[in-house]
Amino acid sequence: MSAPPAEGLVEQWESEQARLRQQVVEEDTEDWQRSPDFSGLERVGGVDLSFIKGDDVNACAQLVVLSYPDLEVMYEDSQMVTLMAPYIAGFLAFRETPFLLDALKRLEGNQPELLPQVVFVDGNGLFHYREFGLACHLGVLSGLPCVGVAKNLLQVQGVYKGEEHQSQIAALQKGGDSFPLTAASGKVLGKALRSSDKSSKPVYASVGHKISVDTAVRLTHSCCRYRVPEPIRQTSDPKAE
DNA sequence: GCGACAG
DNA sequence: ATCTTGTCGC
């Protein structure tokens, strides 16, 4: 039983996305991003919201900061929150962003020296219906470089989960292999990445903010011990050390 | 009616 | 997102 969305809400959200979309920076802006081994990168963050079975209103907002390249936990923040917005495909950011931003603000206020230099977001960035997914939204509002990593393919802008897609996946032989997710317009919205040798199912990485697609993919691979990048996995997997 | 639908 | 254990395979 889900109440129908308020009148005009989607329209309002669409215009908000269109406005913020103009502020996304799709190129590398940091020195470490140009380095072959990301020298200069010392802290990578991950954010996520976790729910429990029968409750889609209360959730746990988490932010972790890991050292790079060791991927050891440097900081961890968990906060129970009450969600105000409904989940509507394409508008995930309106549901989650406020709480992820709060977590970043808390860190900035308490230990600004631990602020991550890049944030991994559980969801898409430019690979989105209007090229403005959660990772872009959080990136623009926080001003931090962000990378979107989704675990499932969103069929959008001419990208289909068909036979061709399946064969492209089959062609990913080892960790680090990838292929572009190209829109009907010809623009590369993101890449499917085999994140580790062991996982045959790829993850879908796209630009959030202040990073290029290629750097986003290369960085994502370098932060993967398993299929899901460690910064995100540390927030959502109870068994993660 | 059927498939899609980030989290 | 979450519901869910074991099981088969390398």
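Numbered from 1 within each chain, the chains take letters A, B, ... in sequence-line order. Computation of the quantities below employed the complete heavy-atom set of this structure, encompassing side-chain atoms and omitting hydrogens, waters and symmetry-equivalent molecules. Nothing here was measured: the structure is a model prediction, and the numbers come from that model.
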Name the nucleic acid region contacted by [X], choosing base, sugar-phosphate or nothing; use a 4.0 angstrom heavy-atom cut-off, strictly under.
| X | value |
| --- | --- |
| A/Phe91 | base |
| A/Asp48 | sugar-phosphate |
| A/Lys151 | sugar-phosphate |
| A/Gly90 | base |

Taking the basic N atoms (NZ, or NE/NH1/NH2) and the acidic carboxylate oxygens, is any pair closer than 4.0 Å for A/Lys187 and A/Glu26?
yes

Carboxylate-amine/guanidinium contact A/Lys210 A/Glu30, below 4.0 Å:
no

Interatomic distance where [atom1] belongs to [X] and [atom2] belongs to [N] [whole Å]:
| X | N | atom1 | atom2 | value |
| --- | --- | --- | --- | --- |
| A/Gln17 | B/dA6 | CD | P | 14 Å |
| A/Leu100 | B/dG7 | CG | P | 14 Å |
| A/Arg130 | B/dC5 | CZ | C1' | 13 Å |
| A/Ile88 | B/dA6 | CD1 | C1' | 14 Å |
| A/Leu92 | B/dG7 | CG | P | 8 Å |
| A/His137 | B/dA6 | NE2 | C1' | 15 Å |
| A/Asp56 | B/dA6 | CG | P | 15 Å |
| A/Leu49 | B/dG7 | CG | P | 13 Å |

Hydrophobic cluster membership, with links at side-chain heavy-atom distances under 4.5 Å among I/L/V/M/F/W/Y: are A/Leu92 and A/Phe99 in one?
yes

Kindly say whether A/Pro202 contributes a backbone atom to a donor-acceptor pair with the side chain of A/Arg227 at under 3.5 angstrom?
yes

Whether the side chain of A/Gln157 engages the backbone of A/His128 through a donor-acceptor N/O pair (distance < 3.5 Å, no angle test) should be reported.
yes

Dot-bracket for DNA chain B: what is it, with Watson-Crick or G-U pairs under 3.5 Å, [ ] where a pair crosses earlier ones, and | for a pair to another strand?
.......

Contact under 4.0 Å: A/Asn152 side-chain N or O vs B/dC5 OP1/OP2
no

Can you find a side chain N or O atom of A/Lys161 that sits less than 4.0 Å from OP1 or OP2 on B/dG3?
no

Identify each donor-acceptor pair in which a side-chain atom of residues 105-121 of chain A lies under 3.5 Å from a protein atom, sequence neighbours left out, and give them as a table.
from	atom 1	to	atom 2	distance (Å)
A/Arg106	NE	A/Asp77	OD2	3.0
A/Arg106	NH2	A/Asp77	OD2	2.8
A/Asn110	ND2	A/Arg106	O	3.1
A/Gln117	OE1	A/Glu42	N	2.7
A/Gln117	OE1	A/Arg43	N	2.9
A/Gln117	NE2	A/Gly40	O	3.0

What is the ring orientation for A/Phe91 with A/Trp13, classed by angle as parallel under 30°, tilted 30 to 60°, or perpendicular over 60°?
tilted

For atom C1', what is the distance between C/dT2 and B/dC5, given to the nearest Å?
16 Å

I'd like the C1' distance from B/dG3 over to C/dT4, given in whole Å.
25 Å

Nucleotide nearest A/Gln155 when distance is taken to its side chain, options B/dA6, B/dA4, C/dT2
B/dA4

I would like to know whether A/His165 and A/Tyr160 meet ring pair (Phe, Tyr, Trp, His ring centres under 6.0 Å); could you show each step before the answer?
CA-CA 7 Å; A/His165 184 73; A/Tyr160 301 118; over 10 Å; no

A/Tyr87 over B/dG7, stacked by centroid distance under 5.5 Å, angle under 30°:
yes

